[in-house]
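The structure presented is a predicted model; accordingly, all values stated were derived computationally and were not measured.
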Amino acid sequence: MESYVLMEEDIVLVVPKNHRFSNRTTIDLKEVASESFISLAGYDEYKNTVKKLFQSAGFNPKVIFEVDFDLLIEMFQLQMCVGLIPITLCEKYHLNYVKISDPESKFIVGLSWLKDRYISTFADEFRKFIMTYYNNNHNY
């Protein structure tokens with residue numbers, strides 16, 4: 001198996017502007033163990049990454065809702081909850097966030113393929129296109 005990292009970005013804690021941690025620049029996840037969280041439904045790979053962050057912090061979060069992407073962003077924009085999402089989404093949607101001090105708070109998106117297996121010309125060109133595109137346009 002061969003892999004190529006397309007992008008790696010920080011996972012951050014989204015908080016309402018009036019939240020007690022909103023003035024912080026970084027936070028240890030242990031400090032938010034008593035908070036109620038909202039999370040993204042589906043997206044198993046991302047959920048596994050977030051689950052590991054909580055486990056590393058020593059607690060299981062109290063998740064009050066799992067919602068789709070659009071509702072998640074809307075609830076954050078309405079300053080209604082806290083949650084963990086990639087920093088680029090916070091920047092895109094102008095959300096208030098605090099960086100997580102754990103250096104493992106990263107979400108990695110990659111491309112993998114079987115090294116010794118036949119890959120069609122079309123699939124190989126697509127793989128090269130994706131790698132080039134991310135290399136040129138997503139330098140995180």
Side-chain angles (χ1 to χ4, degrees):
M1 178 79 71
E2 285 194 48
S3 297
Y4 181 82
V5 173
L6 299 173
M7 60 189 246
E8 179 179 312
E9 60 181 316
D10 291 337
I11 295 173
V12 297
L13 176 71
V14 178
V15 294
K17 290 181 181 172
N18 63 351
H19 192 274
R20 62 190 167 120
F21 295 128
S22 66
N23 62 343
R24 303 271 298 270
T25 55
T26 62
I27 194 163
D28 186 319
L29 271 184
K30 292 175 188 166
E31 296 179 72
V32 295
S34 64
E35 296 286 334
S36 295
F37 286 82
I38 184 170
S39 70
L40 190 59
Y43 301 95
D44 290 338
E45 195 62 38
Y46 180 75
K47 283 172 64 172
N48 289 336
T49 300
V50 169
K51 182 179 178 180
K52 288 177 188 174
L53 287 174
F54 286 124
Q55 287 174 340
S56 178
F59 72 97
N60 289 319
K62 181 170 64 170
V63 177
I64 54 173
F65 292 110
E66 281 194 356
V67 296
D68 68 23
F69 176 79
D70 293 325
L71 185 55
L72 180 77
I73 296 301
E74 187 173 338
M75 290 181 77
F76 286 148
Q77 289 173 327
L78 292 171
Q79 309 290 311
M80 297 180 67
C81 52
V82 300
L84 302 181
I85 62 172
I87 194 169
T88 53
L89 295 175
C90 292
E91 293 166 347
K92 179 177 181 178
Y93 294 103
H94 310 289
L95 303 173
N96 194 55
Y97 65 89
V98 180
K99 289 189 175 187
I100 299 168
S101 60
D102 184 343
E104 298 297 315
S105 62
K106 305 270 187 213
F107 183 59
I108 299 169
V109 176
L111 183 65
S112 298
W113 60 95
L114 297 174
K115 183 178 179 180
D116 297 325
R117 291 273 179 103
Y118 169 77
I119 185 168
S120 70
T121 302
F122 177 77
D124 189 46
E125 289 300 315
F126 179 73
R127 177 178 56 93
K128 289 175 185 173
F129 168 78
I130 293 294
M131 290 166 62
T132 300
Y133 176 81
Y134 274 89
N135 190 47
N136 293 337
N137 298 300
H138 293 89
N139 296 320
Y140 294 98

Check: Linking I/L/V/M/F/W/Y whenever any side-chain heavy atoms sit under 4.5 Å apart, do Y134 and I87 land together?
Finding: no
Next item on the list: Please answer whether the main-chain N or O of S101 pairs with a side-chain N or O of S105 as donor and acceptor at a distance below 3.5 Å.
Entry: no
Check: Heavy-atom count around K52 NZ within 6.0 Å, excluding the residue itself: above 12?
Finding: no
Note to self: Give me the atom names and distance for the closest heavy-atom approach of N96 to S22.
What the structure shows: ND2-CB, 3.4 Å
Checklist line | Distance in Å, F129 CZ paired with D124 CG, rounded so as to fall on 0.5 Å steps | finding: 14.0 Å
Item checked: All side-chain contact (heavy atoms from CB on, under 4.5 Å) counterparts of C81, not counting sequence neighbours -> I38, M75, F76
Next item on the list: Please lay out, stage by stage, how K99 and I27 fare under the test side chain to side chain contact (heavy atoms under 4.5 Å, CB included).
Entry: CA-CA 6 Å; K99 289 189 175 187; I27 194 163; over 6 Å; no
Check: Heavy-atom count around M80 CE within 6.0 Å, excluding the residue itself: above 12?
Finding: no
Next item on the list: May I ask you to decide if Y133's main-chain N or O and N137's side chain share a donor-acceptor pair within less than 3.5 Å?
Entry: yes
Item checked: Check: L71 main-chain N/O paired with D68 side-chain donor or acceptor under 3.5 Å -> yes
Check: When rounded to the nearest 0.5 angstrom, what distance separates CD in E91 from OH in Y97?
Finding: 4.5 Å
Next item on the list: Report, as yes or no, whether the 6.0 Å neighbourhood of atom CD on Q55 holds more than 12 heavy atoms from other residues, nucleotides or ligands.
Entry: yes
Next item on the list: Quick one: closest heavy-atom pair of C90 and V12, and the distance?
Entry: SG-CG2, 3.5 Å
Note to self: Measuring only between side-chain heavy atoms, which start at C-beta, is D102 closer than 4.5 Å to S56?
What the structure shows: yes
Item checked: Aromatic ring pairing F122/F126, orientation class (parallel under 30°, perpendicular over 60°, tilted between) -> parallel
Notebook entry, point to check: If you count the non-hydrogen atoms of other residues, nucleotides and ligands that lie under 6.0 Å from CG in N23, is the total more than 12?
Noted result: yes
Note to self: Are I85 and L95 packed together at the side-chain level, in the sense that at least one heavy-atom pair is separated by less than 4.5 angstrom?
What the structure shows: yes
Margin query: For E66 versus V63, what's the shortest heavy-atom pair and its separation?
Written below: CG-CG1, 4.1 Å
Note to self: Please give me the minimum heavy-atom distance between L111 and R127, naming the atom from each residue.
What the structure shows: CD2-CG, 3.6 Å
Check: When the ring centroid of F37 is compared with that of F54, is the distance short of 6.0 Å?
Finding: yes
Notebook entry, point to check: Any side-chain heavy atom of M1 sitting closer than 4.5 Å to one from L114?
Noted result: yes
Checklist line | CA sep, side-chain torsions, deciding dist, call: V109, Y46, side chain to side chain contact (heavy atoms under 4.5 Å, CB included) | finding: CA-CA 9 Å; V109 176; Y46 180 75; over 6 Å; no
Next item on the list: Could you tell me the separation between the NE2 atom of H94 and the CD1 atom of I73, rounded to the nearest 0.5 Å?
Entry: 11.5 Å
Next item on the list: Apply side chain to side chain contact (heavy atoms under 4.5 Å, CB included) to F69 and L89, showing your working.
Entry: CA-CA 11 Å; F69 176 79; L89 295 175; 3.7 Å; yes
Note to self: Quick test of your reading of the model: are E35 and R20 salt-bridged, counting only N-O distances below 4.0 Å?
What the structure shows: yes
Note to self: Treating Q79 as the side-chain partner and N18 as the backbone partner, does any N or O pair qualify as donor plus acceptor under 3.5 Å?
What the structure shows: no
Checklist line | Gap between atom CD of E104 and atom OG1 of T49 - 0.5 Å precision | finding: 10.5 Å
Notebook entry, point to check: To the nearest 0.5 Å, what is the distance between CG (L29) and CG (L13)?
Noted result: 7.0 Å
Margin query: Nearest 0.5 angstrom please: E2 CD to R117 CZ, how far?
Written below: 14.0 Å
Margin query: If hydrophobic clusters are built from ILVMFWY residues whose side chains come within less than 4.5 Å, do V5 and I130 share one?
Written below: no
Notebook entry, point to check: Closest heavy-atom contact between M131 and W113?
Noted result: SD-CH2, 4.2 Å
Check: Hey, are K62 and S36 close enough side-chain-wise for a donor-acceptor pair under 3.5 Å?
Finding: yes
Margin query: Measuring only between side-chain heavy atoms, which start at C-beta, is L84 closer than 4.5 Å to I100?
Written below: yes
Notebook entry, point to check: L6, Y43: one ILVMFWY side-chain cluster at the under-4.5 Å cut-off?
Noted result: yes
Next item on the list: Step by step, work out the side chain to side chain contact (heavy atoms under 4.5 Å, CB included) result for N135 and Y4.
Entry: CA-CA 10 Å; N135 190 47; Y4 181 82; 3.8 Å; yes
Check: Taking the side chain as C-beta and beyond, is there a heavy-atom pair between P16 and V82 under 4.5 Å?
Finding: yes
Note to self: Are V50 and F107 connected into the same hydrophobic cluster when the rule is that any two of I, L, V, M, F, W, Y join if their side-chain heavy atoms are below 4.5 Å apart?
What the structure shows: yes
